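Notes follow the structure.
Computed from a predicted model, the values in this text were never measured in an experiment. Letters A, B, ... mirror the listed sequences (proteins, then strands); counts begin at 1.
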Amino acid sequence: MNGLLSRRSFLKGLGVAGGAMLMDGVFARAVLAAGSTPGRDLLVTIFLRGGMDALNAVVPAHDPAYYDARPMIAVPESSLLPLDGNFGLHPKLAPLHPFYGSGRLGIVHAVGNPNATRSHFDAQKSMELATSQGTSPATGWLDRHLASTSTAARTILAGVSLGGTLPVSFCGPTLELSMQSLDAFGLYAHWYESARYQGAMWSLYDAEAAPLDAGTVALGALAEVAAAASAPRSSVVYPSCRLGKNLADVARLVRADVGLEVVALDVDGWDHHVEIGTPDEGLLAKRLDDLASSLAAFVEDLGAKFSSTTIVVMSEFGRRVAENGSGGVDHGHGGCLFVLGGTIRGGSVLGTWPGLDASALDHGDLAITTDYRDVLAEIVSVRLGNPNLAAVFPGYTPKPIGLV
Amino acid sequence: MAIPRTTTTTVRHALNRWTFGATPALAAAVKKSGLRSYLDSQLATWREADPTADAVVAMFPAIRMSPVELASSYSAERAFEVTDQLQAATIVRAVSATHQLYERMVEFWTDHFAIDLGSDAQWLLKPGHDRDAIRKHALGRFEDLLIASSQSVAMLHSLDQTKSVAGNPNENFARELLELHTLGVDGGYAEQDVKEAARLLTGWSVNLADLGFLFWDWVHDSAPATILGKRYGASGSGLADGVQLLKDLAHHRSTARHLAKKLCRRFVSDTPSTALVESVANAYLAADTDIAATLRHLFNQSEFWKAIDKKHRRPIDVFVAFLRATSSELVLTNPDAATEAALRRWLVAAFEILGQAPMRWPTPDGYPDVSGAWMHAGGLLARWNVFLSAVQGYLWFVALNPAAVAGSSPPATAGQLVDRVAQALLSRSPTAAERDACLAYLGVGATGAIDPGLYDLRARHLIALVGSSPAFQRR
């Protein structure tokens with residue numbers, strides 16, 4: 001088997017696309033050095049872009065300072081879904097509540113990226129690169145995980161993102177694929193010309209180095225995805241939001257057994273500076289409703305495969321404790337993470353609650369008492385079977401939290 | 001440092017960078033007039049009427065309307081009729097304008113001062129920002145552009161500035177002003193500067209009667225503000241102090257560097273040298289923030305002329321360049337109004353599929369400008385499919401005639417056809433590898449003939465094939 005792994009260079013802006021691994025045959029399969037670790041979960045990361053308001057999503061009802069600071073926008077205690085006697089769940093997250101009860105949903109609060117920036121772009125980038133300030137491989141943590149693990153059977157669809165551009169967490173030398181949707185993934189040449197046309201495309205892209213080696217990734221994936229897309233669909237009904245559509249596609253890829261290992265999804269629209277809304281309606285309520293119902297449908301769709309799936313929902317930061325003058329909240333610091341999985345130790349709200357008294361806050365924001373990398377590292381080592389945490393989170397020594 | 005001799009190679013590179021793509025006619029014209037003369041005219045005439053674009057753009061009435069006119073001519077439920085017009089007009093200008101470098105800079109500033117056209121109320125507001133801020137000052141002085149953009153209700157509303165009041169300032173606009181519009185994230189400001197700027201800019205708001213800019217004195221925090229070590233409004237601040245802040249920011253060295261870096265990234269390569277960026281920053285400051293002069297300096301640097309094919313085409317670049325190279329026409333008029341609206345919608349939808357609908361990046365930093373953000377498998381597949389759809393006539397808003405590319409009488413041999421298509425799209429002859437791949441698609445050798453019954457099908461697919469090739473993704 002001939003293989004040529006070309007290193008991508010990360011450009012100091014946003015993500016980069018794949019290095020070339022070209023094999024014979026129509027299906028290009030990437031083969032990396034030996035060292036296999038079988039039986040790992042599918043990891044689905046969902047990045048909520050904009051800074052989800054964790055204090056209204058998972059409410060610290062036991063902390064009176066919460067209600068003092070948010071006279072207009074706090075979620076009333078009577079509306080909350082009970083969690084552990086201290087925290088309550090926003091009512092629109094109701095579809096997720098049963099998973100908490102059955103131990104499949106774990107929550108970590110006052111967690112986040114210790115990098116103090118309140119800038120979206122910096123905070124997202126820093127969180128997805130997951131390197132300590134000062135250390136500098138400019139690669140994303142998901143790419144480093146894929147690069148530090150290998151199986152002989154790794155396919156071109158090991159890392160997939162759904163959406164327009166490749167996420168920063170995929171930056172690096174490993175191949176990942178991005179697509180808008182499963183069904184749209186094909187080449188529209190006239191049927192009479194199609195075979196010769198595709199052959200010519202292979203020839204044109206064959207010798208390309210980064211970044212246009214993404215061409216061979218696309219061509220190789222076409223056949224794989226066509227097979228997955230033509231399989232019969234399930235009858236599970238998803239909400240009509242983008243996340244619902246994306247998760248429905250992920251479930252189809254899972255059923256088609258294409259070698260999916262890591263999926264990266266985004267949801268936009270969490271930057272609620274103004275008019276965050278009431279618990280029943282408004283900007284945050286709609287987003288939480290879409291999130292929870294999409295996840296619940298996805299779990300149903302996975303069926304037995306849920307026991308070997310772990311879903312992490314994260315955001316670049318939480319929002320300020322005090323509401324602002326526009327019925328919203330500005331950028332904050334500490335937030336919360338959701339972990340949903342068939343085989344995790346959920347059913348509790350983990351983390352050390354620092355409190356919302358003025359003296360406990362970080363520049364007016366919820367402080368961070370758990371580094372988000374602790375959560376991710378535990379998932380990577382326990383659920384993904386990758387012991388090489390120094391490679392995935394360089395310059396950081398993670399502490400266990402007991403979530404998985 | 002100077003503009004080099006006018007050759008096929010330098011003209012090819014200049015048109016790749018200064019325009020949305022070469023057309024056979026434009027390439028011939030520039031070869032004849034010379035590069036320096038072409039650049040001079042592009043930088044001198046940008047404020048004048050555009051002979052080719054203006055007539056075409058007249059078919060989009062919404063883009064000339066004020067917010068009040070838009071509100072009375074359209075409704076919120078039909079807001080897409082306004083946004084489709086604005087987005088279609090942007091594409092039409094990119095394809096057909098004579099003032100190409102001006103349109104390039106309109107695109108640059110649209111990204112720099114990004115406002116998501118799809119977000120709240122922007123169908124009423126963004127047309128004004130496009131027309132009265134960006135298009136008015138795109139090759140003028142950055143200071144004027146910054147003030148116009150910052151006083152545009154579209155910008156103030158998109159960054160929540162209209163709700164920022166004394167005692168409860170909203171930091172969003174002040175933060176993006178420093179981080180994105182001027183100094184840059186490493187520009188040497190602190191959180192305290194953001195907070196103080198937010199205070200100083202309270203009151204920058206909207207006149208609800210006409211949705212124009214209004215300074216609301218009574219919600220302005222007039223306590224003096226200290227930003228980057230300078231005190232504003234020592235005896236109580238007002239509107240003028242906020243404007244002075246913008247002027248100071250426009251002339252700040254960090255702003256010069258930030259803008260220079262972005263300009264070099266747009267026009268030279270994804271990784272311009274520090275020396276080049278510094279040189280452009282100096283030119284910007286020496287020219288009192290004049291953008292045309294800054295560009296003239298940049299285009300006289302040898303690093304610019306050595307960066308041939310070093311940039312990759314973003315989706316708007318690649319599709320517009322394809323339309324220009326193939327002399328395709330955009331079909332956007334129809335006697336039936338509903339059909340006309342549908343043509344516009346499909347045009348915009350094509351760019352949505354490509355991943356770069358005009359003015360639809362969701363965050364204020366604008367569409368990214370480095371290869372890695374665009375050169376991924378899904379993005380390439382989208383382009384390949386848009387070209388295949390265009391050549392097979394599935395895109396009703398595109399009229400593509402293979403004769404405009406390959407000649408009105410089919411060439412005698414396959415080799416000649418390949419050469420003509422490459423010349424039109426790549427502005428050069430094909431490489432040996434490119435020629436081999438194209439001939440393999442055609443299924444004949446270089447001297448072979450193409451079956452007349454299959455010629456149209458094959459010529460069209462060949463055009464799509466060359467447009468999909470790695471070479472056409474570069475500029």
Side-chain angles (χ1 to χ4, degrees), chain A residues 8 10-18 49-50 117-122 161 163-166 171 176-180 184-190 192-193 196-197 199-205 207-208 210-212 214-215 217-218 221-222 268-269 271 273-274 324-326 328 330-331 363, chain B residues 159-160 163-165 167-172 175 179-180 185 191 194 265 270-271 312 353 355-356 362-363 365 368-382 384-385 388-389 392 394 433-434 436-438 440-443 454 457-458 460-461 464-465 468-471 473-474:
Chain A
R8 286 184 260 176
F10 173 68
L11 300 163
K12 208 171 186 211
L14 286 172
V16 247
R49 303 211 178 263
T117 178
R118 267 71 164 164
S119 142
H120 290 302
F121 325 105
D122 269 5
S161 76
T165 59
L166 217 61
C171 289
E176 294 100 2
L177 196 69
S178 84
M179 60 180 84
Q180 292 287 350
F185 203 73
L187 199 60
Y188 303 160
H190 189 283
Y192 195 67
E193 306 299 293
R196 264 176 291 108
Y197 193 89
M201 290 288 286
W202 272 106
S203 303
L204 286 169
Y205 276 89
E208 284 294 320
L212 282 168
V217 178
L222 284 174
D268 288 323
D271 191 20
H273 285 279
V274 298
N324 65 24
S326 322
D330 292 322
H331 300 175
H363 296 88
Chain B
L159 293 175
D160 309 312
K163 303 193 179 196
S164 181
V165 296
N168 218 331
N170 187 304
E171 290 170 14
N172 204 2
R175 182 181 305 284
E179 180 181 329
L180 298 176
V185 72
E191 275 301 301
V194 174
R265 196 184 289 140
D270 287 354
T271 49
H312 291 88
I353 286 165
Q356 196 188 9
T363 44
D365 55 337
D369 197 7
V370 288
S371 308
W374 302 106
M375 294 298 123
H376 50 80
L380 286 177
L381 186 63
W384 300 342
N385 281 332
L388 281 167
S389 301
Q392 293 176 83
Y394 300 147
E434 287 166 349
D436 288 344
C438 290
Y441 157 65
L442 292 169
L454 292 170
L457 184 68
R458 296 265 150 94
R460 288 174 180 275
H461 276 74
L465 183 65
S468 303
S469 69
Q473 313 317 305
R474 288 187 272 260

Side chain, backbone, both or neither of [X] within contact of chain A (heavy atoms, under 4.5 Å):
X: B:E434; answer: both
X: B:S389; answer: side chain
X: B:V185; answer: side chain
X: B:A464; answer: both

- Any residue meeting side-chain contact (heavy atoms from CB on, under 4.5 Å) with A:S203, in chain and number order, not counting sequence neighbours: B:A437
Any side-chain heavy atom of [X] sitting closer than 4.5 Å to one from [Y]?
X: B:M375; Y: B:R474; value: no
X: B:Q473; Y: A:L212; value: yes
X: B:R460; Y: A:H190; value: no
X: A:S161; Y: A:L177; value: no

- Query: Hey, do the aromatic rings of B:W384 and A:Y205 have their centres closer than 6.0 Å?
  - Reply: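 Aromatic pair counts; centres sit under 6.0 Å.
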Partner chain A: residue of [options] with the largest heavy-atom pair count (under 4.5 Å):
options: B:V194, B:L381, B:D369, B:V165; answer: B:L381
options: B:S468, B:G443, B:A433, B:A440; answer: B:S468
options: B:L380, B:I353, B:L388; answer: B:L388

- Query: Hey, are B:E179 and B:R175 close enough for a salt bridge, meaning a charged N less than 4.0 Å from a carboxylate O?
  - Reply: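 Salt bridge between B:E179 and B:R175, a charged N being under 4.0 Å from a carboxylate O: no.
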Checking [X] against chain B: side chain, backbone, both or neither under 4.5 Å from a heavy atom?
X: A:R118; result: both
X: A:H363; result: neither
X: A:D268; result: side chain

- Item | Partner set under ring pair (Phe, Tyr, Trp, His ring centres under 6.0 Å) for B:H312, not counting sequence neighbours | none
- Largest heavy-atom contact set with chain B, pairs under 4.5 Å, which of A:L222, A:D330, A:L187: A:L187
